[in-house]
There are 2 protein chains.
Amino acid sequence: MTEQAAAPAAALPTARAWRVALEHIEARLLAGDLGPGDHLPPERQLAADLGVARSSVREAVRVLEVLGLVRTATGSGPNAGAVIVASPEGGMSAVMRLQVAAHGFPIADVVEARLVVEPAIAAHLARRAGRDLRQASALLDAMDVPGLEPAEFLALDARFHVTLAEASGNTVLSATMAGLRDSIEGYVLAAVPNLPSWLATSARLRAEHRGIVRAIESGDGTDAARRLQAHVAGYYAESRITGDTNDTTR
Amino acid sequence: MTEQAAAPAAALPTARAWRVALEHIEARLLAGDLGPGDHLPPERQLAADLGVARSSVREAVRVLEVLGLVRTATGSGPNAGAVIVASPEGGMSAVMRLQVAAHGFPIADVVEARLVVEPAIAAHLARRAGRDLRQASALLDAMDVPGLEPAEFLALDARFHVTLAEASGNTVLSATMAGLRDSIEGYVLAAVPNLPSWLATSARLRAEHRGIVRAIESGDGTDAARRLQAHVAGYYAESRITGDTNDTTR
DNA sequence: TTCCTCCTGTGGTCAGACCACATGCGCATC
DNA sequence: GATGCGCATGTGGTCTGACCACAGGAGGAA
């Protein structure tokens, strides 16, 4: 329906100017003409080259910025301008977070996706040679500090899970995991009061984390996946996360 | 260095206007104030309310549009304006496709992500009660038509895999799968000439598809996952997909 | 009652201007 | 000749105001 771009070829409804700019940049990326570290042409020049207004170019650049493809900076010099960075975490988080906010992604689906994806990552990680779990272990040590606030603990917990995904060495998997986790961060925090006992729960989570790391290190992918599945599912069941937050904090 | 945004708290560097608009809309979404089907306020009014220029509001709306959260239309009446739609496929595809183009997502990582995610989806689907694979089966029937061009066949193949993900009933998983598949579509097509024999390969793919559906229908998640893993891995190995396309077609 | 016309409000785009900022050249000074 | 400082320059960020195309609906004319 919205795919009029794939329509025959007759009377294309005057390609929108910002899309012209976006596709121009995408084409230059695909052609290898632009790559990480390179600067986009100045907005004014790009506008002149493409025959569109600068505001249209800016809309395209804005999209690229939110998607994590470019970083913009004012001023002059090598650090100024729009630079290709290709850091996907921000973009994945943005799309998932906003889709959750707009009810395009039900919370339950995000949780379920974690239950599908994360054990698979753990199993994959267990099979992977040369894995390095020191960073993840360091986070577990940090979580053993007594007296942590739930918010602090859960922040470390989130980092732990994302770090595991990063240890897989796969940018797509880690960015996806980061997005999944970020998109429901607010809801996870809001559901803490539902827990029967924060102390008991946090202790259990810490023990489960250690067990997961141990399983991965021993190369037992099946066990790691099973433990991770139970770990994630258990917490969500206990905290009874729903979509009713309405406490946006910021 | 560029992280002056994370500075103490003093003299926050004047939040960028477009971000103000974006966060305002996100907050209204989170608060349930806006939902699918609702209209965003007119750009001019939103600009006046927030004390920013209309161009800044437009940048925010543009981001939302690319992320698949709103659909915009000119004119007047119920269908005009910016309407919340929350269709995630477009946004996921956009972020993944552009990240691949900018070398933020190596092709190998996308392929590997499929190898991790898709078998997990299949296993999850096999365990799911009330699954409906009729649509997927119909696609397989369509792929049995003799004389299909590789491009046609692969388009159906892509639809089959995405349809399987959709059958899981999980919007996050299906949108992710769609994004993964879309992001490397061009490369898959470009690698067809690498195949030793298209006829033999397509025949094998068709047989494997049937086997996968059979495994899922029989509820054997382990077998379904194993078959899907071998199916995807086998094709990529045989077609020797690389990141060297440089044939952007459009 | 029906039909047609024009008014209205919407997004889409453009043009031009100004600002804040970081750099680095070039001049004045030592 | 070496050194230090100030301003020209070019960048993104923002605002203002204008015009266009379009779709719907109100209102008048038949």
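In what follows, every heavy atom counts, from backbone to side chain, and hydrogens, waters and symmetry copies are set aside. Letters A, B, ... are given to chains in the order of the sequence lines, protein chains preceding strands, and every chain is numbered from 1.
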Q: Whole angstroms only, please: what is the CG-P distance between A:Leu22 and C:dG12?
A: 15 Å

Q: Start at the 5' end of DNA chain C and walk down; is the nucleotide closest to A:Pro78 or to A:Ser56 reached first?
A: A:Ser56

Q: Side chain of A:Arg44, heavy atoms from C-beta onward: which of C:dA22, D:dG13, C:dG11 has the nearest atom to it?
A: D:dG13

Q: Within this structure, what is the CG-to-C1' distance between A:Leu46 and C:dT13, rounded to whole angstrom?
A: 16 Å

Q: Among the nucleotides C:dT13, D:dC15, C:dC14, which one has an atom lying closest to any side-chain atom of B:Ala17?
A: D:dC15

Q: Taking donor-acceptor contacts at under 3.5 Å, does the side chain of B:Arg54 reach the base of C:dG12?
A: yes

Q: Among the candidates D:dG13, C:dG9, C:dG12, find the nucleotide nearest to the side-chain atoms of B:Arg62.
A: C:dG12

Q: Is A:Arg44 salt-bridged to A:Asp49, going by a charged N under 4.0 Å from an acidic O?
A: no

Q: Which is more 5' along DNA chain D, the nucleotide nearest B:Gly51 or the one nearest A:Pro41? Just name the residue.
A: A:Pro41

Q: Using atom CG of A:Leu64 as one end and atom P of D:dG12 as the other, report the distance to the nearest whole Å.
A: 13 Å

Q: Atom CD of B:Glu59 to atom P of D:dG13: distance rounded to whole Å?
A: 8 Å

Q: If you check the B:Thr74 side chain, which of C:dG12, D:dT16, D:dG13 turns out closest?
A: C:dG12

Q: Rounded to whole Å, please give me the gap between CG in B:Asn79 and P in D:dC22.
A: 17 Å

Q: What distance do A:Phe105 atom CZ and A:Ile184 atom CD1 have between them, rounded to the nearest 0.5 Å?
A: 12.0 Å

Q: Is any side-chain N of the basic residue among B:Glu59 and B:Arg62 closer than 4.0 Å to the acidic one's carboxylate O?
A: no

Q: Inspect the contact between A:Arg97 and A:Glu185 and indicate whether a charged nitrogen and a carboxylate oxygen are less than 4.0 angstrom apart.
A: no

Q: Check B:Glu43 with B:Arg58, please: is the shortest side-chain N to carboxylate O separation under 4.0 Å?
A: yes

Q: Counting the atoms with a prime plus P, OP1 and OP2 as sugar-phosphate, which does B:Val61 contact under 4.0 Å by heavy atoms, base, sugar-phosphate, or nothing?
A: nothing

Q: Starting from the 5' end of DNA chain C, give me the residue, A:Gly77 or A:Ala53, whose nearest nucleotide shows up first.
A: A:Ala53

Q: Mind calculating the distance between CZ (B:Arg58) and P (C:dT13) to the nearest angstrom?
A: 6 Å

Q: In whole angstrom, give the distance that lies between atom CD of B:Glu43 and atom P of C:dG9.
A: 16 Å

Q: Rounded to whole angstrom units, what separation is found between the CD atom of B:Gln45 and the P atom of C:dG9?
A: 12 Å

Q: Which of the following nucleotides, C:dT23, D:dC15, D:dA23, is nearest to the side chain of A:Ser76?
A: C:dT23

Q: When all nucleic acid strands are considered with a 4.0 Å heavy-atom cut-off, which category describes A:Ala80: base, sugar-phosphate, or nothing?
A: nothing

Q: Just N and O in the side chain of B:Thr72: are any of them under 4.0 Å from OP1 or OP2 of C:dT10?
A: no

